[in-house]
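Bear in mind the structure is a predicted one, so any value in this text is a computation, not a measurement. The residues of the chain are indexed from 1 along the displayed sequence.
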Amino acid sequence: MDAHVRRRVVVQFDVAALGRIAVDLYGEQKGTSLEDTATFRRYVGGSSGNLAIGCARLGLKTAMISSTGEDPMGRYIRAELAKAGVDNTCVTANPQRRTALAFLGMQRADAIALDFYRDRAADMAVGFGDREAEKVRQSRLLALTGTHMSEPGTADALRKAVETAREAAGKVVLDIDFRKALWEQSPGGIEGVVSSINDLLDKINIVVGNEEEFLRLGGSDDIVEALKKVRGNTSALLVLKLGAEGSIAFAGEIPPRSEWRPVPGFKVYVLNVVGAGDAFLAGFLSLWLQGEPVNACLRRGNLNGALVVSRHACSDAMPFLAEIEPIEDEPALDLIAKGSELERLHAVLKRPRVERGLTALAFDHRVPFAQLIAETGRSKADAIAFKKLIARAAKEVAGERGLANPGVLIDQHYGTDVMEALTEDGWWVGRPVEETGSRPLRFEAEDSLEETISAWNPKHVAKVLVWYHPGDDIALKNEQQASLKRLQACCRGRGQEWMLEVILPLNLERSDALLIAAVGELYAAGLKPDWLKLSGFETADAWDQLESMVKSFDPYCRGVILLGLSQPIEDLRKPIELAAQQPFCQGFAVGRSIFMDPARKWFAGISTDEETVNEIKGNYAKVVDMWSSTKQSTSIAEVA
């Protein structure tokens with residue numbers, strides 16, 4: 001019967017994860033109790049939610065079966081699952097319940113302050129109907145957690161899910177997932193949950209837990225005796241997580257502890273142990289489903305878990321396949337030594353994909369508008385109104401030309417309303433951080449850069465312009481490099497992308513070779529921006545030299561965005577058309593060439609709003625057409 005059923009089912013997923021999903025709010029202040037924590041960062045949480053994202057990042061086709069509230073947190077969860085590549089069609093929105101929350105204080109790694117807000121939590125009301133059953137039948141493996149056996153309704157859903165998986169010849173893995181605060185609330189208390197799980201064990205293929213969890217399940221204070229009692233209820237593979245000691249699996253009888261030979265763990269700096277078990281299981285399953293030897297599965301599980309405990313989050317910290325595949329077979333793998341390299345790679349892999357052809361209108365200028373205000377007697381309100389006219393023109397061109405990847409560079413002084421509106425519309429948004437014209441580089445929020453960027457929308461890109469020349473004296477170079485490193489650290493800490501705009505000072509010698517040398521010096525100093533913003537080069541060979549140099553330092557740079565340097569539009573034709581043929585150039589961000597003449601007339605009262613919008617539209621459209629008529633159909637290189 002099993003084979004017959006399996007032949008009729010089209011397998012679409014490797015894993016279907018059924019269980020808890022919530023929002024994690026993790027304290028940002030290290031060494032601080034939960035009650036003293038001032039600010040929090042938000043992530044998807046819950047054992048099953050973490051597992052689903054962890055599996056997807058390791059290349060498994062994954063579906064989630066759970067429930068959230070019909071509330072903003074629930075919408076956030078469903079969007080994050082989709083972003084991670086997890087099928088969320090069986091994550092229902094329950095208007096009668098609220099999305100669960102979990103708060104964590106980063107006091108110490110061995111003193112986790114975890115507080116659940118789960119009164120009538122939506123994920124404890126997940127049902128199991130025809131749609132959920134079909135999802136399980138379409139999956140090679142069903143992943144469950146023991147905590148869902150603590151509530152009669154969800155326990156019934158789990159039992160139905162297990163029967164459905166077995167009928168379709170699928171495998172079932174159970175993570176014991178002991179949560180004292182949640183199990184105690186069960187009608188039968190902790191012992192009732194243990195009894196319910198034991199009744200289910202004969203239908204499970206893999207049981208996973210740490211020592212405390214197996215002690216609970218086996219009803220013994222001795223781990224060997226506890227495992228033997230569990231073995232009496234199931235022939236499943238028993239996978240025991242041993243923390244820093246690693247992990248071990250038992251396919252048959254349980255030997256004395258003196259005979260255990262665990263697969264060793266990895267030494268790391270531990271920040272947060274919550275979520276390590278979910279990461280371990282994702283790593284284990286990613287190889288187990290490929291039929292790899294159990295010890296190889298355990299080693300990958302250990303590696304996956306070790307990386308997550310060194311990071312702030314759970315789901316957001318889950319490694320990608322491109323992080324672990326290149327290193328997992330190294331015989332003496334040192335994760336501490338590789339820490340910064342892996343963190344950079346992890347950040348790159350989390351970036352949203354951006355298609356080649358960014359057509360950005362740059363109007364983040366502050367000083368030119370302050371000068372126009374002073375010259376014409378107009379006000380800040382007028383500058384704000386004018387930037388809205390620019391945005392209107394940009395939107396109309398984007399609509400008329402069908403631009404796939406429109407963007408803006410916009411400031412917070414005169415463009416906050418525009419910034420917020422275009423962000424909501426899905427535009428790419430870059431924001432300046434430098435004090436205009438400063439050399440050495442100064443930030444507008446010099447004394448509060450970190451605090452300022454922490455308040456930004458995480459989708460925004462921090463853009464910094466540095467006037468830098470290979471001929472500068474060492475003291476000036478060091479000072480500017482230090483400022484840029486500060487910005488880089490700030491952005492990386494916040495998960496914010498940043499763009500480095502390098503311009504050779506106008507009063508010094510200028511050439512393609514000198515610009516390439518300037519960029520090279522900044523990379524050699526340890527800077528790795530997500531984007532570069534540069535003026536055009538004279539030759540294709542110069543573009544090739546730049547690309548080769550940058551990729552030797554950082555193969556994950558998104559590429560170059562071309563700037564305009566306030567040149568007349570026709571003077572931009574040659575550099576834009578050349579740049580559009582270079583795969584390393586991802587688009588343009590041109591500003592004053594497009595809007596400055598219309599701005600002078602509008603501020604002087606010569607042009608009406610409509611005339612101004614039409615003139616800006618015409619200029620912007622010309623630049624768009626210069627790019628699109630010659631660009632190659634090449635997407636930004638990203639790591640899969």
Side-chain angles (χ1 to χ4, degrees), residues 21-47 49-54 56-58 73 76-77 80-81 83-84 100-117 243-244 266-280 282-283 303-320 323-324 335-336 338-352 449-451 453-459 462 488-498 530:
I21 194 163
V23 167
D24 283 345
L25 295 164
Y26 282 9
E28 295 187 297
Q29 291 74 45
K30 299 176 185 178
T32 305
S33 64
L34 186 53
E35 54 266 40
D36 290 332
T37 298
T39 57
F40 298 84
R41 293 192 72 175
R42 179 177 66 168
Y43 310 104
V44 172
S47 315
N50 292 336
L51 177 65
I53 290 175
R57 286 186 171 180
L58 293 177
M73 292 300 186
Y76 161 77
I77 284 175
E80 288 298 302
L81 288 173
K83 190 186 302 182
L101 303 177
F103 289 84
L104 182 73
M106 294 289 168
Q107 191 163 359
R108 296 194 313 274
D110 61 345
I112 296 301
L114 187 60
D115 193 12
F116 293 104
Y117 282 57
F266 297 89
K267 185 179 293 186
V268 291
Y269 293 123
V270 178
L271 175 61
N272 171 23
V273 298
V274 179
D278 307 324
F280 169 88
L303 175 56
N304 227 41
L307 289 172
V308 169
V309 300
S310 68
R311 296 168 179 171
H312 188 257
C314 293
S315 65
D316 192 64
M318 294 289 169
F320 294 82
E323 288 177 74
I324 62 174
L335 291 182
I336 293 177
K338 290 181 178 290
S340 59
E341 173 188 341
L342 289 170
E343 281 304 301
R344 162 67 175 162
L345 178 56
H346 185 70
V348 164
L349 294 168
K350 287 194 302 180
R351 295 185 312 199
L449 181 66
E450 293 77 9
E451 181 181 352
I453 291 181
S454 71
W456 283 14
N457 186 307
K459 296 178 181 178
Q488 176 169 270
C490 174
C491 289
R492 286 187 181 176
R494 300 301 310 177
Q496 209 93 28
E497 292 186 42
W498 72 287
D530 297 280

Taking only Lys NZ, Arg NE, NH1 and NH2, and the carboxylate oxygens of Asp or Glu, determine whether R494 and E450 approach each other closer than 4.0 Å. no

Do you know the tightest heavy-atom contact between [X] and [Y]?
X    : Y    : value
A282 : L58  : O-CD1, 3.6 Å
E323 : L345 : CA-CD2, 3.8 Å
L101 : M73  : CD2-CG, 4.3 Å
V268 : S310 : CB-CB, 4.4 Å
D278 : M318 : CB-CE, 3.9 Å
G283 : N304 : N-ND2, 3.7 Å

To the nearest 0.5 Å, how far apart are [atom1] in [X] and [atom2] in [Y]?
X    : Y    : atom1 : atom2 : answer
R492 : E343 : CZ    : CD    : 9.5 Å
I453 : C491 : CD1   : SG    : 4.0 Å
Y117 : L25  : OH    : CG    : 10.0 Å
N50  : D316 : CG    : CG    : 10.5 Å
L81  : S315 : CG    : OG    : 8.5 Å

Ignoring hydrogens and angles, tell me if any N or O in the side chain of H312 forms a donor-acceptor pair with the backbone of G27 under 3.5 Å.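 A pair under 3.5 Å: yes.
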
Hey, does the side chain of Q496 reach the backbone of C490 with a donor-acceptor pair shorter than 3.5 angstrom? no

Applying salt bridge (charged side-chain N to carboxylate O under 4.0 Å, His left out), run through R42 and E28 and close with a yes or a no. CA-CA 10 Å; R42 179 177 66 168; E28 295 187 297; over 6 Å; no

Is the shortest heavy-atom distance from the side chain of [X] to the side chain of [Y] under 4.5 Å?
X    : Y    : value
L104 : L34  : no
L114 : F103 : no
Y43  : Y26  : yes
P352 : E497 : yes
R311 : N272 : no
Y269 : I336 : yes
T32  : M106 : no
Y76  : V44  : yes

More than 12 heavy atoms from other groups under 6.0 Å of CD on E451: no

Partners passing salt bridge (charged side-chain N to carboxylate O under 4.0 Å, His left out) against D530 (at least two apart in sequence or in another chain): R344, R351

